[in-house]
Amino acid sequence: MSESLRLDVLKTYKLYVGGKFPRSESGRVYEVSDSKGQFVANAPLGTRKDTRDAVLAARAAVKGWSGTTAYNRGQVLYRVAEMLQGRREQFAAEVAAAEGIGGKKAAALVEQAIDRWVWYAGWTDKVAQIVGGSNPVAGPYFNLSVPEPSGVIGIVAPQTGYGHSLLGLVSVIAPAIATGNTVVVAAAAGAPLPALSFGEVLATSDLPGGVVNIISGRTADIAPTLASHQDVNGLDLAGAIDTDGPGAAAALEASAADTLKRVIRPAVDPTVLDWTNAPGTDRLLSFLETKTVWHPMGI
């Protein structure tokens with residue numbers, strides 16, 4: 001066949017749930033365009049059912065992941081960074097298309113995303129030292145405060161135009177799982193490809209299935225399901241930037257209150273949010289709970 005007549009084999013993107021790559025239960029997809037409006041690929045149109053399935057997978061993974069030693073979690077996260085490093089050219093191309101920037105700038109953002117993932121990997125066995133400790137008590141007892149993960153965290157990823165499609169994604173996923181939580185992520189509706197490709201990186205690393213689950217589709221379908229689900233323990237609304245409708249931050253927060261979820265609110269003005277800034281430890285500590293242990297002194 002003549003080279004000029006050859007058709008490219010286009011990639012079929014899928015959801016990432018429970019360590020596997022299912023199609024949406026609806027079988028539907030939607031078109032993803034680049035910053036110039038040109039067609040790039042079809043992405044799966046995740047549904048409420050897909051979101052509930054992802055929560056089940058995340059819940060099933062909580063015991064094993066939270067029970068893993070902090071040092072081992074750091075090793076697993078570092079392995080993810082290794083795999084991401086090996087595919088940085090692919091991610092640079094996807095980030096460039098999603099955000100309408102040049103290749104050099106996109107490559108720099110991908111490298112920063114890798115560095116940030118490594119940074120959080122280094123925190124896994126150090127978090128307890130800054131939020132835990134020994135408490136003075138009146139009596140012959142040891143009283144220790146120990147941080148524990150909250151459980152399943154729902155994340156609305158930063159949206160196109162308000163955060164970097166990969167760096168912002170890494171900046172919300174890494175701190176949640178570094179501390180032993182599992183997550184269900186609603187990918188940015190307008191730029192889901194870096195998130196879906198990131199699922200492929202996670203699948204080829206040592207990360208157990210179900211620790212991270214990624215759903216693409218309409219935020220207005222996915223986010224409310226995460227906010228109201230009784231088996232979701234926390235909610236990061238980084239990408240909830242709509243001013244009205246079911247995907248609005250205020251509506252999601254109100255829904256989350258019914259099940260007493262911990263909530264990270266979005267920036268007041270997402271247009272000035274810069275994910276390249278140093279992240280600090282706020283998100284790292286947001287989904288930790290404190291367990292207090294008493295033990296008598298002596299033998």
Side-chain angles (χ1 to χ4, degrees), residues 19 58 61-88 91-92 95 107-134 144-153 155 157-158 163-183 185 194-195 197-214 234 236 238 262 264 273-291:
V62 167
K63 184 176 180 180
W65 183 241
S66 64
T68 301
T69 65
Y71 180 74
N72 186 236
R73 281 203 303 270
Q75 291 178 310
V76 173
L77 263 65
Y78 190 83
R79 175 62 176 166
V80 173
E82 290 178 348
M83 302 304 292
L84 186 56
Q85 174 80 12
R87 297 176 61 170
R88 60 189 183 277
F91 279 98
V95 168
L109 289 173
V110 172
E111 290 174 359
Q112 190 167 359
I114 297 169
D115 293 344
R116 182 150 302 170
W117 193 271
V118 172
W119 188 80
Y120 279 115
W123 269 107
T124 56
D125 59 352
K126 301 173 183 66
V127 149
Q129 300 172 37
I130 64 172
V131 293
S134 177
L144 305 175
S145 293
V146 181
E148 287 192 338
S150 296
V152 177
I153 308 302
I155 297 175
H164 301 298
S165 53
L166 180 64
L167 179 57
L169 181 80
V170 163
S171 298
V172 293
I173 292 178
I177 68 171
T179 50
N181 297 290
T182 62
V183 300
V185 183
S197 292
F198 189 62
E200 297 174 3
V201 168
L202 299 176
T204 54
S205 69
D206 299 329
L207 193 74
V211 174
V212 176
N213 306 273
I214 300 173
D236 187 338
R262 295 185 175 211
I264 297 180
L273 185 61
D274 187 356
W275 291 101
T276 63
N277 292 333
T281 58
D282 289 350
R283 273 190 163 79
L284 196 67
L285 307 181
S286 293
F287 298 117
L288 284 175
E289 300 177 5
T290 301
K291 177 178 72 177

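Numbers for residues simply follow the sequence, beginning at 1.
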Enquirer: Give the minimum heavy-atom separation between Glu289 and Ser150, together with the two atoms involved.
Expert: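 Distance-wise, the nearest heavy atoms are OE2-OG, 3.5 Å.
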
Enquirer: The test is side chain to side chain contact (heavy atoms under 4.5 Å, CB included); show your working for Leu77 and Ile177 and say whether it passes.
Expert: CA-CA 9 Å; Leu77 263 65; Ile177 68 171; 4.1 Å; yes

Enquirer: Quick one, Phe198 and Leu84 - any side-chain contact, counting heavy atoms below 4.5 Å?
Expert: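 Yes, their side chains come closer than 4.5 Å.
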
Enquirer: Is it the case that the side chain of Asn213 and the backbone of Val183 share a donor-acceptor pair, with hydrogens and angles ignored and the cut-off at 3.5 Å?
Expert: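 Yes, because the side chain of Asn213 sits within donor-acceptor range (under 3.5 Å) of the backbone of Val183.
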
Enquirer: Please examine the side chains of His164 and Gln112, heavy atoms only from C-beta on, and report whether any two atoms are closer than 4.5 Å.
Expert: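 Gln112 does not reach His164 side chain to side chain.
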
Enquirer: Work out which heavy atom in Ile114 is nearest to a heavy atom in Ala81; give both atom names and the distance.
Expert: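 Shortest heavy-atom separation between Ile114 and Ala81 comes out as CG2-O, 4.1 Å.
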
Enquirer: Over all heavy atoms of both residues, which pair between Arg88 and Gln85 is shortest? Give the atoms and the distance, please.
Expert: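 Scanning both residues, the minimum pair turns out to be NH1-O, 2.8 Å.
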
Enquirer: What pairs of residues pass the side chain to side chain donor-acceptor pair (under 3.5 Å) test when at least one of them lies in residues 113-125, not counting sequence neighbours?
Expert: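 The answer is Arg116-Ser171.
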
Enquirer: At what distance, to the nearest 0.5 angstrom, does CG of Asn181 lie from CD of Glu148?
Expert: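 Asn181 CG to Glu148 CD: 11.0 Å, rounded to 0.5 Å.
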
Enquirer: Are there more than 12 heavy atoms of other residues, nucleotides or ligands under 6.0 Å from atom NZ of Lys126?
Expert: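 Atom NZ in Lys126 is crowded, with more than 12 foreign heavy atoms closer than 6.0 Å.
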
Enquirer: Would you give the length of the straight line joining atom OG1 of Thr204 to atom CZ of Arg87, rounded to the nearest 0.5 angstrom?
Expert: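 Between Thr204 OG1 and Arg87 CZ, I get 6.0 Å after rounding to 0.5 Å.
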
Enquirer: Would you compute the distance between atom CZ of Phe287 and atom CD1 of Ile153 and round it to the nearest 0.5 angstrom?
Expert: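 Those atoms lie 5.0 Å apart.
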
Enquirer: Give a yes or no answer on whether the side chain of Arg73 reaches the backbone of Thr68 with a donor-acceptor pair at less than 3.5 Å.
Expert: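 Answer holds: yes.
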
Enquirer: At what distance, to the nearest 0.5 angstrom, does CG of Asp206 lie from CZ of Arg79?
Expert: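 If we round to the nearest 0.5 Å, Asp206:CG and Arg79:CZ are 6.0 Å apart.
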
Enquirer: Taking all non-hydrogen atoms of both residues, which atom of Ala238 and which atom of Arg283 are closest, and how far apart?
Expert: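 Result for this residue pair: CB-NH2, 3.5 Å.
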
Enquirer: If I take atom OG1 from residue Thr179 and atom CH2 from residue Trp65, how far apart are they, to the nearest 0.5 angstrom?
Expert: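 Rounded to the nearest 0.5 Å, the OG1-CH2 separation comes to 10.0 Å.
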
Enquirer: Side-chain contact, heavy-atom cut-off 4.5 Å: Leu285 with Ile130?
Expert: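 Yes, side chains in contact.
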
Enquirer: Within a strict 4.5 Å, meaning less than it, do heavy atoms of the Val127 and Leu284 side chains meet?
Expert: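 Result yes, sub-4.5 Å side-chain heavy-atom pair found.
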
Enquirer: List in chain and number order the residues that pass side-chain hydrogen bond (donor to acceptor under 3.5 Å, both in side chains) with Ser145, two or more places apart in sequence or in another chain; answer none if no residue qualifies.
Expert: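 Applying side-chain hydrogen bond (donor to acceptor under 3.5 Å, both in side chains) to Ser145 gives Asn135.
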
Enquirer: Output yes when a side-chain donor or acceptor of Ser205 lies under 3.5 Å from a complementary backbone atom of Leu202, and no otherwise.
Expert: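 At least one qualifying donor-acceptor pair exists.
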
Enquirer: Identify the heavy atoms of Leu288 and Pro147 that sit nearest to each other, and give their distance.
Expert: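 Scanning both residues completely, I find the closest heavy atoms to be CD1-CB, 4.1 Å.
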
Enquirer: So do Leu166 and Leu109 actually touch side chain to side chain, heavy atoms under 4.5 Å?
Expert: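 In short, these two side chains do not touch, never coming nearer than 4.5 Å.
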
Enquirer: What are the two closest non-hydrogen atoms of Leu169 and Ala157, and how far apart are they?
Expert: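 Here Leu169 and Ala157 meet closest at CD1-CB, 3.9 Å.
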
